[in-house]
Each structure stands twice: as C-alpha cells, then as structure tokens.
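For reference, the structure discussed in these notes is given below.
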Amino acid sequence: MKKEDILSMIDEEGVEFIRLQFTDIFGNLKNIAVTPGQMGKVFDNRYSFYGAAIYGNKYELDDKLYLYPDLETFKILPWRPQQGKVAKIFCDVFYADGTPFENAPRYILKKAVDSAAASGYSFIVDPECEFFLFHTDENGLPTTTSHEIAEYMDVGPVDFGENARRDIVLMLEEMGFEIESSHHEHAPAQHEIDFQEEDAFVMADSIQTFKFAVRSIAKRFGLYATFMPMPRPGVAGSGMHIRLRLMKGGRNVFMAPDGRPSDEAMWFAGGIMEHARGLAAVANPIVNSYKRLLSGLDAPYMINWASKGEKALVNIDTEPDDVKVEIRFPDGAANPYLLFATCMAAGLDGIARHTSPGGEMEVYSTDDRGHLPDNLREALYDLRNDKTLTDALGKDFTDIYTSIKEAEWHDFISEVTDWEIRNYLAKL
C-alpha cells in the first residue's frame with residue numbers, strides 16, 4: 001500500500017479515527033489515536049511517546065520514541081461504527097535519530113527473520129489460539145463465571161458462545177483473515193479459532209490483531225474474552241500451539257523426498273527440546289502459565305517428542321505432502337514476536353549442531369530427558385543462562401525483561417493466598 005491508497009480508503013470509507021498501534025514487551029497492544037487530518041504527521045514519523053510504555057511502564061526510560069507506520073498493516077476495524085469508522089496500523093519503534101529501538105518486540109522478530117533469510121530460510125507459522133468467554137459483572141469487569149457446560153466440539157444451544165464466535169469469524173474475514181475453522185474446546189466456555197498459516201512476521205501481527213478483535217467483539221455480547229492460560233482450576237487451560245514449516249527455495253525443509261520427516265525436522269525438534277526450559281520464560285511468561293503446564297490436563301510438561309498423540313512437548317506432524325513441527329507448550333500470554341524469534345533461534349541452533357531429539361515417547365510414559373520449569377522463577381533463570389536465546393533477544397532486553405518478571409514473581413509469592421489460610425490458619 002502507498003500513502004495515497006490509505007488516504008483514499010480513509011476518505012471513501014468515512015474513517016474518523018486511526019489507531020497507531022505498537023506492542024510492549026509483554027505482548028500488550030498500545031496505541032495513539034489520531035484523526036485523518038493528522039495523517040501527514042503520521043507518514044512523516046512525527047508521533048512520539050515516552051519510552052517507558054514499551055516496557056509496560058514497569059521500567060524507566062525517559063527517551064522519546066517515535067512511531068514509524070508499516071503501511072501494509074492498515075486495516076479498517078469492521079466491528080466499530082459504520083458512521084465514523086475506526087482503522088488501525090501497526091508501527092515500528094525508532095529513536096529520535098532514526099535508528100531502530102532495539103528492544104521493540106517487532107524489531108527483535110524482524111532481526112530473527114532477516115538472520116534466517118541470510119541462510120536462505122523462511123518460516124511459515126500455523127497457530128491454534130484458544131480463549132475463554134466469561135460473563136462480566138454489573139460494572140463490566142471480567143469474571144470467571146460461565147453457566148455453560150459445553151465440551152469439545154459441542155454446538156448450540158449448549159455452546160453459549162456460538163453466536164459470539166460466529167461474529168468474530170465473520171469480522172476477521174472482513175479484515176482479510178482466511179479462517180480455516182472454529183469450534184468449542186474441551187472446557188466450558190473455552191473456544192478455538194484457527195486461521196490460515198502465514199509468514200512468521202505477518203503471523204505475529206495477525207495474532208495481535210486477532211486478540212484485539214476477539215476481545216472487542218466479545219464485549220458486544222456482554223462477554224469478556226481472556227487468553228489467560230488457566231483461569232479456572234480443574235479444567236483444561238488455554239494454549240497457543242504453533243506449527244512450523246521451514247522453507248528454503250520454495251521447498252519444505254522438514255519433509256524428506258519420501259514424504260517422511262527429514263533430518264532437519266528432527267534436529268529442529270531437538271533444538272526446541274534442548275532450549276525448552278529457557279523458552280518457557282517467553283512461551284509461558286506469567287505466574288499462571290505454570291498452573292496449566294502442571295495441571296495434567298492436555299498440557300505438556302515432560303521434555304519429549306512424538307509423531308502422534310497430544311501429550312508431547314513437540315509433535316512431528318506428518319500429513320500427505322506436508323511435515324510440520326508443532327510446539328505445544330506456549331500459551332496465549334506469550335508475546336508472539338518474542339515467541340517466534342526464540343523458537344526460530346532454538347530450532348535453527350538444533351539444525352546447526354545436529355541436535356538429536358532422542359527416541360520417540362511412548363503414550364503416557366514419563367521421560368528421562370527432564371521437564372519444563374515448575375514456575376516462572378525457574379524459567380527466568382534458565383533463560384538468563386541460555387546464550388542462544390539471549391542472543392536472539394539481545395542482552396539488554398533479556399536483563400530488563402527478566403528483572404521485571406522476577407519482580408512479578410516476588411509479588412506473587414509475597415501474597416497470602418486462600419489456600420494457605422485454609423490449610424494452615426486453624427492448624428498452627
């Protein structure tokens with residue numbers, strides 16, 4: 001798209017607000033909203049913000065940072081009013097002197113994609129995004145309440161979220177998404193929408209837009225959509241499995257000439273397994289993430305791989321004329337830019353060093369190759385000590401990210417929980 005194309009769309013469609021969006025290090029969308037009369041200033045990269053926002057206001061950075069719009073990402077939001085429409089555009093983050101801000105998640109992924117491209121590689125990503133639809137209270141605030149009892153693949157009227165999910169799909173398609181399928185998931189009020197695979201960089205943007213759309217459209221139904229991994233105990237949590245295909249010269253590197261998984265596919269899986277504990281700090285980035293992993297409810301915990309079955313950390317998916325490596329431990333709290341960058345680094349390191357994933361797991365067996373961290377603190381320690389991952393993220397980013405997350409962990413363990421009161425107050 002060119003500037004003239006965007007201005008024509010704004011005029012023809014009656015757009016009155018444009019959201020200049022960027023992502024903080026935790027994967028949260030931020031934005032500055034402008035009116036059409038300010039688009040000249042937008043195109044000249046003159047909109048700025050104080051840098052602390054890129055760190056979720058958890059770290060001091062007094063520098064002004066500037067938003068450079070990526071014109072290809074301009075989209076009109078179809079769920080907004082038909083009169084006075086709203087559009088959005090993703091922006092990259094730069095210093096005042098025009099150099100990229102190295103700790104911006106979108107830039108970190110761009111570096112990873114460019115590094116892979118230098119070796120002739122590109123990544124195609126196919127995500128599975130799960131989420132819950134809960135009621136809100138009288139103040140419009142989210143709860144974990146749902147009167148639904150639907151299970152996997154159930155339909156309405158048992159599936160109370162069917163209408164909301166349908167509208168989400170239709171409006172995503174209106175924005176240019178190609179939706180492959182949608183369905184009710186295992187837990188009551190849990191849903192999944194799957195969209196067409198795409199280049200890693202484009203897919204990271206798409207996941208951010210997807211989450212924004214899901215939350216916004218759910219609100220119109222009086223519901224709250226959450227990608228929190230384990231909002232309710234005793235039921236399956238929400239993951240964000242990612243299936244990867246590694247391409248080179250138009251060929252799927254993961255598929256051997258006979259249609260079976262190639263050596264590269266196995267080495268890539270080996271790299272993911274070897275770096276899994278450090279990857280968890282990015283793939284499972286909040287305290288709550290580890291309650292899903294330790295739940296025993298469909299989420300992986302042992303570091304292993306399989307060609308079939310849903311219990312493995314990594315699946316090698318073989319279909320007619322296709323092979324993908326599926327990474328099953330990430331969840332919806334993950335920042336997709338950081339997740340893709342680190343998974344690419346881990347897998348390519350496995351290919352470079354011919355890292356064997358070992359033997360395939362047997363169904364329901366435990367494995368002697370270790371397990372994921374038990375909590376966020378362990379994951380942050382492993383990230384700090386994984387050179388491949390810290391190189392992908394950058395040392396400065398890693399130091400800031402882990403220090404903020406360690407403070408989050410400290411806040412959590414400082415809380416006195418209801419569980420502690422129930423189990424200790426009357427006994428001690």
Side-chain angles (χ1 to χ4, degrees), residues 22-29 70 72-73 90 92-93 100 102-119 121-130 177 194-211 227 239-248 252-254 264-265 268-269 271-276 278-285 289 313-315 317 324-351 379 383 386 388-394 397-398 401:
F22 64 99
T23 303
D24 72 12
I25 67 171
F26 309 117
N28 299 314
L29 273 182
D70 181 344
E72 293 298 324
T73 66
F90 280 120
D92 292 307
V93 181
E102 63 279 3
N103 288 345
R106 207 166 186 260
Y107 179 69
I108 289 172
L109 178 57
K110 186 176 188 301
K111 284 196 306 178
V113 168
D114 289 347
S115 176
S119 299
Y121 292 126
S122 63
F123 281 85
I124 303 298
V125 182
D126 179 8
E128 294 180 353
C129 299
E130 299 172 344
F177 281 73
D194 300 325
F195 39 97
Q196 182 67 33
E197 64 186 15
E198 189 50 272
D199 167 83
F201 191 77
V202 174
M203 182 55 73
D205 283 346
S206 295
I207 288 173
Q208 293 297 83
T209 299
F210 170 79
K211 288 182 175 181
F227 293 85
M240 186 173 70
H241 305 168
I242 56 171
R243 291 188 292 262
L244 300 174
R245 187 190 295 120
L246 179 62
M247 307 299 292
K248 189 172 188 178
N252 180 5
V253 175
F254 288 160
E264 287 84 355
F268 189 93
I272 296 295
M273 290 167 61
E274 183 170 283
H275 295 284
L279 279 171
V282 174
N284 313 104
S289 296
L313 189 86
V314 178
N315 278 343
D317 288 341
K324 296 178 182 178
V325 174
E326 181 185 32
I327 306 171
R328 298 189 60 260
F329 60 101
D331 61 51
N335 182 326
Y337 302 100
L338 305 181
L339 176 63
F340 296 168
T342 50
C343 285
M344 288 163 60
L348 290 176
D349 180 61
I351 291 176
L383 175 60
D386 190 315
T388 296
L389 301 184
T390 56
D391 284 350
L393 295 171
F397 179 94
T398 303
Y401 178 83

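Heavy-atom minimum distance, D194 versus E128: OD1-CA, 3.5 Å. In terms of heavy atoms, Y337 sits closest to P105 at CB-O, 3.3 Å. When all heavy atoms of A334 and K211 are compared, the pair lying nearest together is O-NZ, 3.6 Å. Between L313 and F329, the shortest heavy-atom distance links the atoms CD1-CD2, 3.3 Å. The minimum heavy-atom distance between A392 and A345, with the atom names listed, is CB-CB, 3.7 Å.
Between F210 and F227, the angle of the ring planes goes over 60°, which puts this pair in the perpendicular group of the 30/60° scheme.
The closest side-chain heavy-atom distance from L109 to M344 is below 4.5 Å. Looking at F177 and S206, their side chains come closer than 4.5 Å, going by heavy atoms from C-beta outward. Looking at F397 and I25, their side chains come closer than 4.5 Å, going by heavy atoms from C-beta outward. Residues V125 and E197 are not in side-chain contact: their nearest non-hydrogen atoms beyond the backbone lie 4.5 Å or more apart. Using a 4.5 Å heavy-atom cutoff, the side chains of L246 and I351 are in contact. For the pair E102/Y107, a side-chain contact is recorded, criterion being any heavy-atom separation below 4.5 Å from C-beta on. Looking at I242 and M203, their side chains never come closer than 4.5 Å, going by heavy atoms from C-beta outward. Between Y401 and N103 the shortest side-chain heavy-atom distance does not fall below 4.5 Å.
For the residue pair Q208 / T23, a side-chain donor-acceptor distance below 3.5 Å is found, with atom types taken as modelled.
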D92/K110 under salt bridge (Lys or Arg N to Asp or Glu O under 4.0 Å): CA gap, chis, key distance, verdict: CA-CA 10 Å; D92 292 307; K110 186 176 188 301; over 6 Å; no

Please step through side chain to side chain contact (heavy atoms under 4.5 Å, CB included) for the pair L339 and M240, ending with a clear verdict. CA-CA 11 Å; L339 176 63; M240 186 173 70; 3.7 Å; yes

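Here CD1 of I124 is found 10.0 Å from CD of Q196. Values are rounded to the nearest 0.5 Å. Put simply, CD on E264 and NZ on K248 are 8.5 Å apart, with the number rounded to the nearest 0.5 Å. To the nearest 0.5 Å, atom CD1 of residue I207 and atom SG of residue C129 are 5.0 Å apart.
Checked against the 6.0 Å centroid threshold, F268 and F254 count as a close aromatic pair.
Remark: the backbone N or O of E130 is not paired with any side-chain donor or acceptor of D331 at under 3.5 angstrom.
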